[in-house]
Amino acid sequence: MQQREEKQLEAGLDALIVRVKDLRDSIHAFLMKLEHEHQTLQWTSVLDSFALLSGQLSTLQKLVMKEKMPSLQNLIFLPLVLSPDSDPQLETTTEGRVPVFSHEVVPDYLRTKFEPEVENREKTLTTQSERLTPEAAQKQIQQLNNLCDKLLNKLNAASEDWDSEVSASQGSTPASSLADTSALIAAVSFGKGLKPSRTSSQSGPDTPQSQPSPQASQAGPALGKAPSTIKTNIRSGSSSHPYQR
């Protein structure tokens with residue numbers, strides 16, 4: 001009888017280990033997706049990951065509640081050896097998560113109940129809920145439902161606005177042209193399509209430059225002086241003035 005129970009317990013634990021490993025792998029894959037694909041991650045992919053995790057948790061719960069599964073609540077998990085030194089075998093079994101099985105980590109890993117602070121908080125909430133009258137509870141439920149409805153309406157309105165903006169941006173004409181951009185790059189880089197200016201075409205390298213005239217070069221330094229070739233006609237003082245009396 002005892003051997004049969006031990007075999008049944010071993011088989012049940014093996015099945016639980018397999019389901020827990022599948023759940024762990026799904027959680028690991030989801031965390032990797034959030035870490036490395038957060039910029040391109042779609043909401044549908046997140047929902048698929050949540051649906052997978054929910055299904056695996058449901059399967060694990062059904063496995064625990066099967067009749068063939070021994071009642072794990074009646075069993076005691078007792079550590080036989082506690083040591084502050086590292087255990088390579090334990091580290092390998094737990095994939096590096098638990099390198100040491102000491103007095104410090106045992107209360108956390110072997111805990112079957114909530115922490116005392118969490119238990120006290122839960123008892124407080126349970127006591128407050130038991131003090132509520134049915135009318136007060138129904139009123140709070142109605143207020144919560146109204147708040148959820150308003151939040152859902154705002155989310156739906158925001159989603160519709162976002163969809164309309166996306167459709168409008170997709171249907172609008174493009175702001176840039178690939179052909180114009182290529183032509184601009186070719187013009188700036190290689191001068192393709194540019195026409196020469198009129199002045200540059202007239203004054204080419206074969207066009208002789210005009211030489212300054214000798215008269216202009218000779219008259220240059222004599223600026224400011226009266227030229228000697230100017231003729232003057234000065235009358236003598238003996239001549240009669242037309243207005244002389």
Side-chain angles (χ1 to χ4, degrees), residues 15-66 94-98 105 107-109 111-189:
L16 283 177
I17 290 173
V18 171
R19 298 297 182 183
V20 170
K21 284 184 178 179
D22 294 339
L23 180 61
R24 181 200 60 189
D25 295 339
S26 299
I27 294 175
H28 179 70
F30 181 56
L31 292 177
M32 292 293 291
K33 184 186 298 184
L34 291 177
E35 184 176 356
H36 298 285
E37 302 178 8
H38 60 278
Q39 295 182 352
T40 59
L41 188 62
Q42 300 293 329
W43 179 244
T44 54
S45 178
V46 176
L47 292 179
D48 293 340
S49 299
F50 274 117
L52 178 61
L53 294 175
S54 178
Q56 291 177 343
L57 287 173
S58 178
T59 304
L60 183 62
Q61 186 178 5
K62 291 179 180 179
L63 181 62
V64 173
M65 297 176 63
K66 278 186 175 181
T94 59
E95 298 181 355
R97 292 187 298 273
V98 187
V105 300
D108 295 329
Y109 285 103
R111 184 184 299 277
T112 57
K113 299 174 65 178
F114 293 117
E115 294 183 356
E117 295 81 2
V118 179
E119 288 185 353
N120 295 332
R121 181 61 177 170
E122 185 181 8
K123 290 179 180 179
T124 303
L125 295 175
T126 304
T127 304
Q128 291 179 357
S129 62
E130 291 176 352
R131 292 177 182 176
L132 287 176
T133 60
E135 293 79 7
Q138 187 64 31
K139 184 177 180 180
Q140 291 185 2
I141 292 174
Q142 187 65 30
Q143 291 178 355
L144 180 60
N145 291 334
N146 294 334
L147 181 61
C148 292
D149 292 338
K150 292 180 180 179
L151 181 60
L152 288 175
N153 292 332
K154 290 184 178 180
L155 291 176
N156 292 331
S159 178
E160 292 177 358
D161 294 340
W162 184 77
D163 292 339
S164 60
E165 290 178 0
V166 170
S167 60
S169 61
Q170 292 178 353
S172 60
T173 57
S176 61
S177 174
L178 182 60
D180 295 342
T181 304
S182 302
L184 181 60
I185 294 175
V188 173
S189 303

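Just so it is clear, the structure is predicted and the values come from calculations on it, not from any experiment.
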Using the side chain to side chain contact (heavy atoms under 4.5 Å, CB included) criterion, which residues pair with [X]? Sequence neighbours excluded.
X      : value
Gln140 : Leu132
Thr59  : Arg19
Asn120 : none
Val188 : Leu184

Distance check, rounded to the nearest 0.5 Å: [X] atom [atom1] versus [Y] atom [atom2]?
X      : Y      : atom1 : atom2 : result
Ile27  : Leu53  : CD1   : CG    : 5.5 Å
Lys139 : Glu135 : NZ    : CD    : 11.5 Å
Leu52  : Asp22  : CG    : CG    : 9.0 Å

Would you please name every residue forming a salt bridge (charged side-chain N to carboxylate O under 4.0 Å, His left out) with Arg121, sequence neighbours left out?
none
Could you list the residues that satisfy side chain to side chain donor-acceptor pair (under 3.5 Å) with Ser182, not counting sequence neighbours?
none
Identify all side-chain donor-acceptor contacts of residues 28-44 below 3.5 Å with residues at least two apart in sequence or on another chain.
residue, atom, partner, partner atom, Å
Lys33, NZ, Ser45, OG, 3.0
Lys33, NZ, Ser49, OG, 3.1
His38, ND1, Glu35, O, 3.1

For Gln143, does the CD atom have more than 12 heavy-atom neighbours from other residues, nucleotides or ligands under 6.0 Å away?
yes
Contacts table for residues 144-155: side-chain donor-acceptor under 3.5 angstrom, sequence neighbours left out:
residue, atom, partner, partner atom, Å
Asn145, ND2, Ile141, O, 3.2
Asn146, OD1, Gln142, NE2, 3.4
Asn146, ND2, Gln142, O, 3.2
Asn153, ND2, Asp149, O, 3.1

Scanning both residues in full, the closest heavy-atom pair of Arg97 with Tyr109 reads O-OH, 3.8 Å
Keeping to residues at least two apart or across chains, list the side chain to side chain donor-acceptor pair (under 3.5 Å) pairs with something in residues 124-134.
none
If we ignore hydrogens and angles and just use 3.5 Å, is the side chain of Ser189 paired with the main-chain N or O of Ile185 as donor and acceptor?
yes
